[in-house]
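Note on naming: letters A, B, ... go to the chains in the order of the sequence lines (proteins, then strands), and numbering restarts at 1 for each one.
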There are 2 protein chains.
Amino acid sequence: MIIRNIDEASQSERKVKTDGWDSVRMLLKDDGMGFSFHITTMYAGKTLQMHYKNHYESVYVLSGEGTIEDLGTGEIHELRPGVLYVLNKHDRHIVRPRTDIVTACVFNPPVTGKEVHDETGAYPSEAEMAQASA
Amino acid sequence: MIIRNIDEASQSERKVKTDGWDSVRMLLKDDGMGFSFHITTMYAGKTLQMHYKNHYESVYVLSGEGTIEDLGTGEIHELRPGVLYVLNKHDRHIVRPRTDIVTACVFNPPVTGKEVHDETGAYPSEAEMAQASA
């Protein structure tokens, strides 16, 4: 059994912060669970275009409000506490938080913790990271 | 992209309720994500012995307080908002909620939605379910 808490994790390398969001990676690939689990905050007023080409992701809104635009269909959905959005088709999307939005995110395959979003808004695959560092 | 919200899911077959807990299965196996995602409430004052022999599970506490006892080691850990417990060794465990505890849970392999806890506190594997219904 592993026990972690977000206060300690936020003071460690598990927390990654960018201009538009931060993410506390509570579980990563090396924990061996087959998924990763993150508490991610998207910042009020930002326009966050993302495209996880190599991962499936589900995002459950814990607090905050905004919208998500599905760039494949053009549909816009409201985000508020209790809403889950699921990127089951590697969907290109834009999140527009009106307030800070705190979420519980699950990635499959699990994030290693070494990824950063590339210029397309994606996390690279492990193969791409290996190439980049080769 | 799939969009769901907990209010609608709670009014559907996605919500399973027992004497000790209820669980709203926001994502199940047939969603094809490779994990399932549940918002589960464990009830104040209950003693919940569980043993997921066939699944890995991570549980993130959103609200409420109590303890978890690791029956393998005898250790007791406090549960409060922001604590994650991770059953990475199919750990036998007991949760004792002092208040209702609301959690975000991830299972791998994903739960199908047809399981109930058996007499050992486990969810059966798909093979066991097939045998049981054969």
Side-chain angles (χ1 to χ4, degrees), chain A residues 1-10 14 24-28 30-39 55-63 67-73 75-93 102-110, chain B residues 1-10 14 24-28 30-39 55-63 67-73 75-93 102-110:
Chain A
M1 186 182 300
I2 301 169
I3 304 280
R4 293 193 178 124
N5 74 68
I6 196 162
D7 297 333
E8 285 178 19
S10 296
R14 291 185 178 279
V24 182
R25 282 85 177 260
M26 301 293 292
L27 270 180
L28 287 167
D30 63 5
D31 292 307
M33 297 289 282
F35 57 86
S36 59
F37 182 82
H38 313 207
I39 300 296
H55 299 80
Y56 292 124
E57 186 193 16
S58 73
V59 180
Y60 185 75
V61 178
L62 300 174
S63 65
T67 60
I68 181 169
E69 179 176 354
D70 181 337
L71 293 175
T73 65
E75 289 180 302
I76 294 176
H77 306 276
E78 281 292 316
L79 299 179
R80 61 178 187 280
V83 170
L84 179 78
Y85 67 81
V86 184
L87 305 169
N88 61 331
K89 295 178 179 172
H90 307 292
D91 313 69
R92 291 184 305 121
H93 62 287
V102 181
T103 62
C105 309
V106 186
F107 283 87
N108 173 24
Chain B
M1 185 180 300
I2 301 168
I3 304 279
R4 292 193 178 122
N5 74 68
I6 196 162
D7 296 332
E8 284 178 20
S10 296
R14 292 185 177 280
V24 182
R25 284 85 178 260
M26 301 293 292
L27 270 180
L28 287 167
D30 64 4
D31 292 308
M33 296 290 282
F35 58 85
S36 59
F37 182 81
H38 313 207
I39 300 296
H55 299 80
Y56 292 124
E57 186 192 16
S58 73
V59 180
Y60 185 74
V61 178
L62 300 174
S63 65
T67 61
I68 181 169
E69 179 177 354
D70 182 338
L71 292 175
T73 66
E75 289 180 302
I76 294 176
H77 306 277
E78 280 293 316
L79 300 179
R80 60 178 188 280
V83 170
L84 179 78
Y85 68 81
V86 184
L87 306 169
N88 61 331
K89 295 176 179 172
H90 306 292
D91 313 69
R92 290 183 308 122
H93 63 287
V102 181
T103 63
C105 308
V106 186
F107 282 86
N108 173 24

- Query: Does R14(B) use its side chain to pair, donor to acceptor, with the backbone of R25(B) at less than 3.5 Å?
  - Reply: yes

- Query: chain B: which of L62(A), N88(A), I68(A) shares the most heavy-atom pairs with it under 4.5 Å?
  - Reply: N88(A)

- Note on the structure: chain B shares the most heavy-atom pairs under 4.5 Å, among G34(A), P81(A), S58(A), A104(A), with S58(A)

- Highest number of heavy-atom pairs under 4.5 Å with chain A: which of N5(B), V106(B), V83(B), N108(B)? V106(B)

- Message: Just to verify, what does Y60(A) make a ring pair (Phe, Tyr, Trp, His ring centres under 6.0 Å) with, not counting sequence neighbours?
- Response: F37(B)

- Contact class of E57(B) relative to chain A, heavy atoms under 4.5 angstrom: backbone

- Is there a side-chain contact between H77(A) and M1(B) (heavy atoms, below 4.5 Å)? yes

- How many angstroms lie between atom CZ of R92(A) and atom CD of E69(A), to the nearest 0.5 angstrom? 9.5 Å

- In chain order, what residues pass the salt bridge (Lys or Arg N to Asp or Glu O under 4.0 Å) check against D70(B), with sequence neighbours excluded? none

- Under 4.5 Å from any heavy atom of chain B - which part of L79(A): neither

- Query: Highest number of heavy-atom pairs under 4.5 Å with chain B: which of L84(A), D7(A), I6(A), D91(A)?
  - Reply: L84(A)

- Do the non-hydrogen side-chain atoms of Y56(B) and H90(B) ever get within less than 4.5 Å of each other? yes

- From the list L87(B), V61(B), V24(B), T73(B), the residue making the most non-hydrogen contacts under 4.5 Å with chain A is L87(B)

- Message: At a heavy-atom distance under 4.5 Å, which candidate from D31(A), L27(A), V59(A) has the highest pair count against chain B?
- Response: L27(A)

- Message: Among M33(A), R4(A), E8(A), which residue has the highest count of heavy-atom pairs closer than 4.5 Å to chain B?
- Response: M33(A)

- Query: Given the options R80(B), K89(B), H93(B), M26(B), which has more heavy-atom pairs under 4.5 Å with chain A than any of the others?
  - Reply: M26(B)

